[in-house]
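Structure first, commentary second.
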Amino acid sequence: MASNIEIKAIDRNPSATEKSVTKLCGKPAAILRQRDIFFSCPNGRLKLRIFSSSKAELIFYRRENEAGPKSSYYLISESTDPGSLEKLLAEAYGKTGEVVKTRKLYMHGRTRIHLDDVSGLGRFIELEVVLEENESHERGREEANMLMDKLNIGSDSLIEGAYIDMIGDEPKNQ
């Protein structure tokens with residue numbers, strides 16, 4: 001399985017964060033509108049990420065719910081028929097929730113930087129340091145910590161779980 005080291009944090013100053021990330025990456029962001037539908041899964045998390053009526057990704061992943069840089073293992077399969085796949089998965093496993101967001105995607109070397117505006121929850125920043133096969137997770141954690149310092153992401157803003165875990169809770173950064 002592919003792996004990365006990731007963090008998720010509340011973005012308390014989205015304007016300043018976007019300026020810092022744009023400067024760091026030297027390129028404008030790709031804008032993605034995503035609808036993530038989660039399904040029951042006893043071995044991790046399973047979500048269908050829908051981009052359009054003809055483009056989606058089925059994503060299975062395992063990740064600890066902890067605030068700091070954490071290891072994530074994942075598999076991704078692309079689909080050109082999200083509607084049919086959603087119906088099949090809902091019938092087979094049952095839906096557990098949905099997250100709708102607009103994502104600004106930046107790249108800094110091998111690290112994906114996401115500035116997320118999550119419907120009903122607020123603004124967040126994610127870092128995903130993509131690891132090479134058999135690469136030490138410690139190297140990825142070091143890179144994530146370095147980027148957290150550069151982008152002023154404090155430990156007090158880190159989030160342990162996923163957006164789906166926050167649905168129904170009070171917004172964290174409004």
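Along the sequence shown, residues carry numbers from 1. When reading the values below, keep in mind they use all heavy atoms of this one structure, side chains included, and skip hydrogens, waters and symmetry mates.
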Going by atom types only, do Tyr106 and Thr22 share a side-chain donor-acceptor pair under 3.5 Å?
yes
Measuring only between side-chain heavy atoms, which start at C-beta, is Ile125 closer than 4.5 Å to Leu115?
yes
Is there side-chain contact between Val100 and Val118, with at least one heavy-atom pair below 4.5 Å?
no
Roughly how far apart are Arg49 CZ and Leu32 CG, rounded to 0.5 Å?
8.5 Å
For Glu135, does the CD atom have more than 12 heavy-atom neighbours from other residues, nucleotides or ligands under 6.0 Å away?
yes
Is the count of non-hydrogen atoms from other residues, nucleotides or ligands lying under 6.0 Å from Glu133 atom CD greater than 12?
no
Test side chain to side chain contact (heavy atoms under 4.5 Å, CB included) on His137 and Leu131 and set out the steps.
CA-CA 8 Å; His137 286 220; Leu131 300 176; 3.5 Å; yes
Pair Asn152, Ser20 - check side chain to side chain contact (heavy atoms under 4.5 Å, CB included), show working.
CA-CA 9 Å; Asn152 296 314; Ser20 295; 5.5 Å; no
Please verify the inter-ring angle class for Phe124 with Tyr163; under 30° counts as parallel, over 60° as perpendicular, anything in between as tilted.
tilted
Between Thr17 and Asp11, a side-chain donor and acceptor under 3.5 Å:
yes
Could you report the tightest heavy-atom contact between Gly140 and Val129, atom names first, then the distance?
O-CG2, 3.9 Å
Enter the distance from Ile59:CD1 to Ser77:OG here, rounded to the nearest 0.5 Å.
10.0 Å
Check for me whether the distance between the ring centres of Tyr73 and Phe60 falls short of 6.0 Å.
no
Positive for salt bridge (Lys or Arg N to Asp or Glu O under 4.0 Å) with Glu126, one of Arg103, Arg112, Lys101
Arg103
Here the pair of heavy atoms bringing Arg63 nearest to Ala162 is NH2-CB, 3.5 Å
Passes side chain to side chain contact (heavy atoms under 4.5 Å, CB included), Met107 versus Lys27? Steps please.
CA-CA 8 Å; Met107 292 300 300; Lys27 293 181 187 176; over 6 Å; no
Same cluster (ILVMFWY, side-chain, under 4.5 Å), Ile10 and Ile164:
yes
Indicate if Ile159 and Tyr61 have the same hydrophobic cluster label, given that clusters are the connected sets of ILVMFWY residues with side-chain heavy-atom separations under 4.5 angstrom.
yes
Just so I know, are the side chains of Lys47 and Phe39 near enough to count as touching, which here means a heavy-atom distance under 4.5 Å?
no
Looking at Lys8 and Gly161, what are the two nearest heavy atoms and their distance?
CE-O, 3.5 Å
Any donor-acceptor pair under 3.5 Å from Asn145 side chain to Glu142 backbone:
no
For the residue pair Ile153 and Ala9, what are the closest heavy atoms and their distance?
CG2-CB, 3.7 Å
Counting C-beta onward and ignoring hydrogens, is there a side-chain heavy-atom pair between Arg35 and Glu86 closer than 4.5 Å?
yes
Regarding Arg141 and Ser71, do their side chains bring together a donor and an acceptor under 3.5 Å, going by distance alone?
yes
Just so I know, are the side chains of Ile113 and Cys25 near enough to count as touching, which here means a heavy-atom distance under 4.5 Å?
yes
Does a side-chain heavy-atom distance below 4.5 Å link Ile167 with Val99?
yes
How about Arg110: does its CZ atom have over 12 heavy atoms from other parts shown lying under 6.0 Å from it?
yes
Is there a chain of hydrophobic side chains (I, L, V, M, F, W, Y, each step under 4.5 Å between heavy atoms) that links Leu46 to Ile50?
yes
Cluster question for you: counting only ILVMFWY and a side-chain heavy-atom cut-off of under 4.5 Å, with indirect links fine, are Leu158 and Leu127 together?
yes
Taking side chain as C-beta onward, heavy atoms only, is Thr111 less than 4.5 Å from Glu143?
yes
Look at the side chain of Ser40 and the backbone N and O of Tyr93, then say whether any donor-acceptor pair between them is shorter than 3.5 Å.
yes
Find out whether Ser157 and Arg12 are in side-chain contact, i.e. whether some heavy atom of one side chain is under 4.5 Å from a heavy atom of the other.
yes
For residues Lys70 and Ile7, report the shortest heavy-atom separation together with the two atoms involved.
NZ-CA, 4.5 Å
Could you tell me which non-hydrogen atom of Pro82 sits nearest to which non-hydrogen atom of Ser53, and how far apart they are?
CD-O, 3.3 Å
Might you confirm whether atom NZ of Lys104 has over 12 heavy atoms from other residues, nucleotides or ligands at distances under 6.0 Å?
no
More than 12 heavy atoms of other groups within 6.0 Å of Phe51 CZ
yes
Leu24 and Leu147: side chain to side chain contact (heavy atoms under 4.5 Å, CB included), yes or no, with the steps?
CA-CA 10 Å; Leu24 178 70; Leu147 285 170; 3.7 Å; yes
Side-chain donor/acceptor of Arg62 to backbone N/O of Asn43, under 3.5 Å:
yes
According to a 4.5 Å side-chain heavy-atom criterion applied to Ile, Leu, Val, Met, Phe, Trp and Tyr, with indirect links allowed, do Met146 and Met148 form part of one hydrophobic cluster?
yes
